[in-house]
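Down below is the structure, laid out as structure tokens.
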Amino acid sequence: MKETTNQGHPKGLWVLFGTEMWERFNFYGMRAILTLFMVNSLMMKEADASLVYGGFLGLCYLTPMLGGFVADRFLGNRNCIMLGGLMMAAGQFLLFISATVFTSNLDLAKILLWVALGIIIFGNGFFKPNISSMVGSLYPKQEKNKLDTAFTIFYMGINLGAFLGQLICPIVGDVKDAGGIRDIYAFKWGFLAAAIAMVIGTMVFFYLKNKYVVTPEGRPIGGLPSKNDASDFEEGESQKAVFSKNALIGAVVAFVGLGFLFHYAFGQNIIYAVIYASGLSLAGLIISDTSLTKIERDRILVIYIVAFFVIFFWAAFEQAGSSLTFIADNQTDRNFFGWNMPPSMVQIFNGLFVVMFAVPFSMLWDKLRANNREPISPFKQAIGLLLIAVSYFIIAHNVKDLGNNGLLAIKWLILLYLIQTCAELCLSPIGLSLVGKLSPKRFSSLLYGVFFLSNAAGYALAGTLGSIMPATGDKFNKAKELGIDLQAVLDKKIVPTADQLALLDTNQISPTNPVFAGFEIHNLFEFFMVFVVLCGIAAAILFALTPKLKKMMHGIN
Ligand code: GLN
């Protein structure tokens with residue numbers, strides 16, 4: 001029995017589309033309100049919330065290694081998806097409880113936050129790699145040419161979910177009254193909506209998988225590994241990566257050494273150090289494998305080089321849920337056609353624009369390919385980096401003259417998300433398919449692991465960069481109410497008394513400007529220029545490397 005739609009895509013694709021849509025609803029809906037909840041209800045400083053956010057997202061992209069491994073060896077994709085879905089729903093439910101009890105017991109609320117985030121991290125690790133790999137498994141060898149379109153459709157499901165989550169969770173969870181005063185008790189409804197979405201997603205998958213998520217012959221896809229028929233595997237897929245004992249010991253030693261280096265020499269917190277060290281040691285383990293031919297090694301090096309540059313992209317892109325949300329909250333005129341949009345909802349434009357532009361972008365690449373003018377993937381990724389630098393350059397110039405009290409017009413943030421979405425479409429789906437094309441089959445899932453780890457490193461860097469956001473308008477106003485001239489304090493023109501310092505601290509205001517790489521960040525203009533410089537330099541180097549990378553790809557584009 002072959003369950004296909006008119007367009008020739010298996011019906012299973014729509015089951016995976018729906019499941020992933022609800023899962024991303026849960027993830028991005030929660031992401032929209034998470035940092036605001038930490039700052040407003042749990043009384044954390046914005047810089048700390050950014051660091052937690054970066055570490056959380058980073059770990060969400062570290063655990064897919066585990067989820068992929070457990071699925072391949074023990075549980076199979078299907079069980080891991082359901083396990084991951086239930087874990088994420090439970091995590092969201094704990095966030096709901098945390099956002100319910102914080103007034104009576106702040107310490108308990110914080111503990112619940114850590115436990116919830118921990119459960120979501122593992123849930124995401126079980127869910128995310130397995131649903132993506134099932135998309136690939138839906139297509140038999142002779143239909144692999146449909147994969148690009150399949151992943152474009154799937155990417156739209158991801159972003160339709162993100163859009164819905166970022167619509168509903170802010171509406172119910174990020175509530176301000178007409179005077180702009182936030183209801184700090186409302187966040188719980190956002191987390192509850194996310195939990196319900198995840199339960200729906202898991203149920204959709206549970207009830208529809210046996211009928212639709214099947215091979216063209218009607219056999220279930222992603223069952224227990226031992227029950228998988230040998231013909232479920234692609235040619236060469238059984239050739240698992242086998243590393244020598246020495247190589248594995250070397251990788252563990254490198255992991256520990258690098259972890260210490262990042263933690264003690266570069267001052268990174270343990271979580272960030274683990275993320276950076278795992279990426280590098282896994283990359284080293286694969287490239288040192290003696291079975292690799294020269295061509296294979298060259299191609300893997302291309303993946304590594306691209307993965308390195310992608311770090312800067314995600315570090316800039318993932319400001320959406322932290323610094324950009326804080327700015328939308330504290331220094332933006334959010335009047336959107338007469339409606340005052342909740343600050344956490346402004347990031348919705350990313351998901352919306354992906355849904356609108358994913359198909360036109362894939363048609364653009366098809367057209368260029370037909371005319372033999374399609375750029376190679378690293379070039380597209382350099383365009384992505386350049387575009388994100390441009391998006392921050394525009395916003396930097398719009399915050400330049402705001403001073404401490406002016407408001408940024410929401411249209412500039414919408415434009416930023418429009419440009420960043422075009423950047424994402426040049427870089428994210430392209431990167432995933434590039435890894436698939438360049439990886440020797442036996443290292444494919446591990447190289448996806450390295451690639452996801454570069455996403456994780458980008459998210460960790462996003463946390464660090466988000467934490468260097470200088471004081472926004474609300475801080476200056478609050479300090480004024482407290483009788484403190486914050487600008488003079490930051491400019492070191494007056495030295496605050498111990499009482500004033502304590503007052504600033506209880507109001508989550510830092511008395512000093514943040515510092516990045518030895519540079520003091522005095523205002524939002526300088527903050528945004530950090531992203532312009534980092535992504536601009538990364539884009540320029542990647543453009544310059546393109547001819548060399550083209551050679552190293554040995555005929556793959
Ligand atoms: N927004 C996409 C998703 O949620 C891509 C994220 C990524 O690859 N880092 O799946």
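Start at 1 and go down the list; that is how both ligands and their atoms are numbered.
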Using a cut-off of under 3.5 Å, which N/O atoms of ligand 1 pair up with protein N/O atoms, and what distance separates each pair?
{"unit_1": "ligand 1", "atom_1": "1 (N)", "unit_2": "Tyr28", "atom_2": "OH", "d": "2.9"}
{"unit_1": "ligand 1", "atom_1": "4 (O)", "unit_2": "Arg24", "atom_2": "NH1", "d": "2.8"}
{"unit_1": "ligand 1", "atom_1": "4 (O)", "unit_2": "Tyr28", "atom_2": "OH", "d": "2.7"}
{"unit_1": "ligand 1", "atom_1": "8 (O)", "unit_2": "Asn455", "atom_2": "OD1", "d": "3.1"}
{"unit_1": "ligand 1", "atom_1": "9 (N)", "unit_2": "Asn455", "atom_2": "OD1", "d": "2.7"}
{"unit_1": "ligand 1", "atom_1": "9 (N)", "unit_2": "Tyr459", "atom_2": "OH", "d": "2.6"}
{"unit_1": "ligand 1", "atom_1": "10 (O)", "unit_2": "Lys128", "atom_2": "NZ", "d": "2.6"}

- Task: Validate the cation-pi geometry between Arg31 and Tyr28: distance from NZ or CZ to the six-membered ring centre under 6.0 Å, angle to the ring axis within 45°.
- Result: no

Do any side-chain atoms of residues 60-68 form donor-acceptor pairs under 3.5 angstrom with protein atoms, and if so which ones, sequence neighbours left out?
{"unit_1": "Thr63", "atom_1": "OG1", "unit_2": "Leu59", "atom_2": "O", "d": "3.1"}
{"unit_1": "Thr63", "atom_1": "OG1", "unit_2": "Ile121", "atom_2": "O", "d": "2.8"}

Give every donor-acceptor pair under 3.5 Å between a side-chain atom in residues 155-170 and any protein atom, sequence neighbours left out.
{"unit_1": "Tyr155", "atom_1": "OH", "unit_2": "Glu424", "atom_2": "OE2", "d": "2.6"}
{"unit_1": "Tyr155", "atom_1": "OH", "unit_2": "Ser428", "atom_2": "OG", "d": "2.8"}
{"unit_1": "Asn159", "atom_1": "ND2", "unit_2": "Tyr155", "atom_2": "O", "d": "2.9"}

Beyond-backbone contact of Glu20 with Phe127, side-chain heavy atoms, under 4.5 angstrom: yes

Closest non-hydrogen contact found for Phe205 with Arg78 is CE2-O, 3.7 Å

The side chain to side chain donor-acceptor pair (under 3.5 Å) partners of Thr325 (sequence neighbours excluded) come to Gln347

